Amino acid sequence: MPDLKYKRVLLKLSGEALAGQKGTGFDFKVLERLATEVRNAGAGGVGFDAISVAERERIVLHVDRDGDGRTTARDETITWRLAGTVLRRDAGGGAQPIVDGVRSLVLEYLDAARRPTAVPAEVRTVVITLTTEGAGGIGALTLTTQTRLRTR
């Protein structure tokens, strides 16, 4: 093996796009929050679908928070979607911006046998891939996680 000119590599990642409420630094809680809400979809009952919309850049989740067997209260239907470069969350009070500077949001849906599915009622696992813009539009950071619905 030839002698290497460089023995160390410095990799600089810009996390500004995932800064969340902090506005600076890198906040993994943005992706963690989405994954947690997917994981908890369907909680509180069985008479409703945990997921009603399963699209590439949008997911609609349902949770029975008040234990009435329905998901009609204001915060019991949660929509996550990518609008342009803004990841938005709507829990009944209008679509709130969560992260700006998102290049792509890819949601992949798997059934109980881990096969891809487009049928919301069959979804058991969601693979979430979020790609952000780097500082000044240069570079990108891609994060991927997957989460299984607890109640289905």
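Heavy atoms only: backbone and side chains are in, while hydrogens, waters and symmetry mates are out. A quick note: this is a predicted structure, and the numbers were derived from the prediction, not measured.
At a threshold of 4.5 Å between side-chain heavy atoms, the hydrophobic network of Ile, Leu, Val, Met, Phe, Trp and Tyr places L107 and V99 in one connected group. One hydrophobic cluster holds both L130 and I98 under the rule that ILVMFWY side chains link at heavy-atom gaps under 4.5 Å.
Remark: A112 pairs with R124 by the side-chain contact (heavy atoms from CB on, under 4.5 Å) rule, at least two apart or across chains. For A113, the side-chain contact (heavy atoms from CB on, under 4.5 Å) criterion is met by D111, R115, not counting sequence neighbours.
Counting non-hydrogen atoms of other residues, nucleotides and ligands closer than 6.0 Å to CZ of R56 gives a total of 12 or fewer.
Q96 CD to T79 OG1: the interatomic distance, rounded to the nearest 0.5 Å, is 12.5 Å. Note that the CD1 atom of I59 and the CG atom of L34 stand 7.0 Å from one another [nearest 0.5 Å]. From R65, atom CZ reaches atom OG1 of T71 across 11.0 Å, with rounding to the nearest 0.5 Å. Between atom CG of residue L61 and atom CZ of residue R39 there is a gap of 12.0 Å, rounded to the nearest 0.5 Å. The line from CD of E76 to CZ of R74 is 12.5 Å long, rounded to the nearest 0.5 Å. For the atom pair OG1 (T147) and CG (N40), the distance works out to 8.0 Å, reported to the nearest 0.5 Å.
For the residue pair S52 and P120, the shortest heavy atom distance occurs at O-CG, 3.5 Å. For the residue pair L149 and A50, the shortest heavy atom distance occurs at CD2-CB, 3.6 Å.
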Can you list, pair by pair, the side-chain donor-acceptor contacts under 3.5 Å of residues 80-88, counting residues two or more places apart and other chains?
residue	atom	partner	partner atom	Å
W80	NE1	E37	OE1	2.7
T85	OG1	D100	OD1	3.2
R88	NH1	A95	O	3.0

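Looking only at atom types and distance, the side chain of Q146 has no donor-acceptor partner in the side chain of T125 under 3.5 Å away. Looking only at atom types and distance, the side chain of R33 has no donor-acceptor partner in the side chain of T36 under 3.5 Å away.
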Apply the test salt bridge (Lys or Arg N to Asp or Glu O under 4.0 Å) to residues R70 and D64: give CA-CA distance (whole Å), side-chain angles for both, the deciding distance (0.1 Å), then the verdict. CA-CA 6 Å; R70 299 175 296 153; D64 180 13; over 6 Å; no
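Each of L31, T132, I128 was scored for a side-chain contact (heavy atoms from CB on, under 4.5 Å) with L143, with one residue passing: L31.
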